Amino acid sequence: MEHLVEHMRISYHSVHEPVCGNCKKHCRSYESLREHLIGPLPKQECKNVFNIRGCKFCLTLLDSPNARRVHLERCQHSGGLLANFANLGLRDNLTLDNGYARGRQVVALACKMVGGGNDGSLDLCARVCLIDENENIIFHTFVKPPIPVTNYRYETTGIRPEYLRDATPLRQVQKKIQDFLCNGEPMWKIRPRGGKARILVGHDLDRLHLEYPAVMMRDTAKYPPLMKTSKLSNSLKYLTQAYLGYDIQTGMQDPYEDCVATMRLYIRMKSQNHAVEDSPLASDPQNRNNFASWRQSELERMSPEEMLAISRSDYYCWCLDS
């Protein structure tokens, strides 16, 4: 029991973790759960059940093989038509509210990079796309980097020198997007709950160098359930193939395709049906003494189920945005 208490103290198990539908094992990430179910060394009993009734995308265990077939039709996305929508034209008339419904809104942002520096290895943002939850383009424009471009990476970006010659400078694009995200609220006043500021979804958002509160960002590269078991980031290409069931970033790439993938991943994570808790985070004041050392004797008398009931997550689960 002493070892179990110590394990619970440092593991932060909670209702928000991925859980095996068969043996109820708690995993730190979906990659860990995937290895448990269908990896090189899976738990054989769970693997056998999962092969019959499991969804390889969301890793859910269904009630029957028939329920699994119906579920897979809804769970697997298609990316075949994205390229057609991506080239509908540039839209750079980004304005506050822009006719969208009031309340806490979510937008996804992606960009394509060209190369700068002597060897062209320095990433420079040259094209930006912003979409809403319904995958409609809000903002889509070329961006003029602050330093000369030495490699346009045309094979993957499709960007030519003439596209950037009269493009909007990076600072102006950053300011325009920042104002749109804040939606009339001062930066210092933005809070996770309430207010008009928008939630920003993306992959590796640090590359965009936007000034925006971290509590309002949902980064698929840093979300613990979507990371590798080594706690390193997965690529957006891998996440889309593994969890949505289609391929992106093949051939010439478009930021709209990346926007759609990150928004779909966010919605999938947000839609999880987790138990509601008054104080869901381990950092909440009400939970700071849940596994305090002075409670050791009391904790050792608890059952594993009772300890799990007071254990809380060390990360913000996106289901809390619902």
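Everything numeric here is computed off the predicted structure, so don't read it as measured data.
- Considering only heavy atoms from C-beta on, C46 comes within 4.5 Å of H36 through its side chain.
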| message | Would R268 and C75 count as a side-chain contact (heavy atoms from CB on, under 4.5 Å) here? Give the steps. | response | CA-CA 9 Å; R268 174 152 294 178; C75 197; 3.4 Å; yes
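- Under the 3.5 Å distance criterion, with hydrogens and angles disregarded, no donor-acceptor pair is assigned to the side chains of R312 and H16.
- Here I52 sits alone; no ILVMFWY side chain lies under 4.5 Å from its own, so it joins no hydrophobic cluster.
- Here the options are T157, D123, T156, I159, the test is side-chain contact (heavy atoms from CB on, under 4.5 Å), and the partner is M113; only D123 passes.
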| Going through the distances and angles, do I248 and D258 end up as a side-chain contact (heavy atoms from CB on, under 4.5 Å)? | CA-CA 8 Å; I248 63 168; D258 292 355; 3.9 Å; yes
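- Between N287 and L281, the closest side-chain pair of non-hydrogen atoms is not below 4.5 Å.
- Looking at heavy atoms from C-beta onward, K270 lies out of side-chain contact with C319 at the 4.5 angstrom threshold.
- Under a 4.5 Å side-chain heavy-atom cut-off, the cluster of Ile, Leu, Val, Met, Phe, Trp and Tyr residues that includes W188 has no other member.
- For the pair P255/H140, a side-chain contact is recorded, criterion being any heavy-atom separation below 4.5 Å from C-beta on.
- A salt bridge links D314 with R28; the closest basic N to acidic carboxylate O contact falls under 4.0 Å.
- Within the structure, ring pair (Phe, Tyr, Trp, His ring centres under 6.0 Å) contacts touching residues 293-315 (residues at least two apart or in different chains) are Y223-Y315.
- Closest heavy-atom contact between V128 and V173: CG2-CG1, 4.4 Å.
- At a threshold of 4.5 Å between non-hydrogen side-chain atoms, the residues Q172 and K175 do not count as touching.
- Contact detail for T240 and A261: the closest heavy-atom pair is OG1-CB, 3.4 Å.
- In the hydrophobic clustering of this structure, V19 does not group with V49; members are Ile, Leu, Val, Met, Phe, Trp, Tyr whose side-chain heavy atoms approach within less than 4.5 Å, directly or through other members.
- The environment of CG in D119 is crowded: more than 12 heavy-atom neighbours from other residues, nucleotides or ligands sit within 6.0 Å.
- In this structure, the side chain of E185 does not engage the main chain of I190 through any donor-acceptor pair within 3.5 Å.
- The minimum heavy-atom distance linking M187 with Q178 is given by the pair CE-NE2, 3.2 Å.
- Taking the side chain as every heavy atom from C-beta outward, I147 and L122 approach each other to under 4.5 Å.
- Side-chain contacts under 4.5 Å among hydrophobic residues (ILVMFWY), followed directly or transitively, place M8 together with M1, L4, V5, F291, L299, M302, M307, L308, I310.
- Annotation: side chain of Q286 is not in contact with side chain of D278 (no heavy-atom distance under 4.5 Å).
- The minimum heavy-atom distance between R218 and V215, with the atom names listed, is NH1-O, 2.8 Å.
- Considering H13, E306, H26, R9 as possible partners of S311, the one that fulfils the side-chain contact (heavy atoms from CB on, under 4.5 Å) test is H13.
- Counting heavy atoms from C-beta outward, W318 and T220 have side chains that approach closer than 4.5 Å.
- Heavy atoms only, all atoms of each residue included: V107 and F180 are closest at CG1-CE2, 4.1 Å.
- Taken from NZ in K237 to CD in E257, the straight-line distance is 8.5 Å, to the nearest 0.5 Å.
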| field | Pair Y243-L226, side-chain contact (heavy atoms from CB on, under 4.5 Å): steps then yes or no | value | CA-CA 9 Å; Y243 297 99; L226 293 177; 4.3 Å; yes
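- The two atoms that bring C259 and L109 nearest to each other are SG-C, 3.7 Å, heavy atoms only.
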Identify every side-chain donor-acceptor pair in residues 57-71 under 3.5 Å, counting partners at least two apart or on other chains, and give the distances.
{"from": "S64", "atom 1": "OG", "to": "A67", "atom 2": "N", "distance (Å)": "3.1"}
{"from": "N66", "atom 1": "OD1", "to": "R69", "atom 2": "NH2", "distance (Å)": "3.2"}
{"from": "R68", "atom 1": "NE", "to": "G54", "atom 2": "O", "distance (Å)": "2.6"}

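- Under the side-chain hydrogen bond (donor to acceptor under 3.5 Å, both in side chains) criterion, Y266 pairs with D321, sequence neighbours left out.
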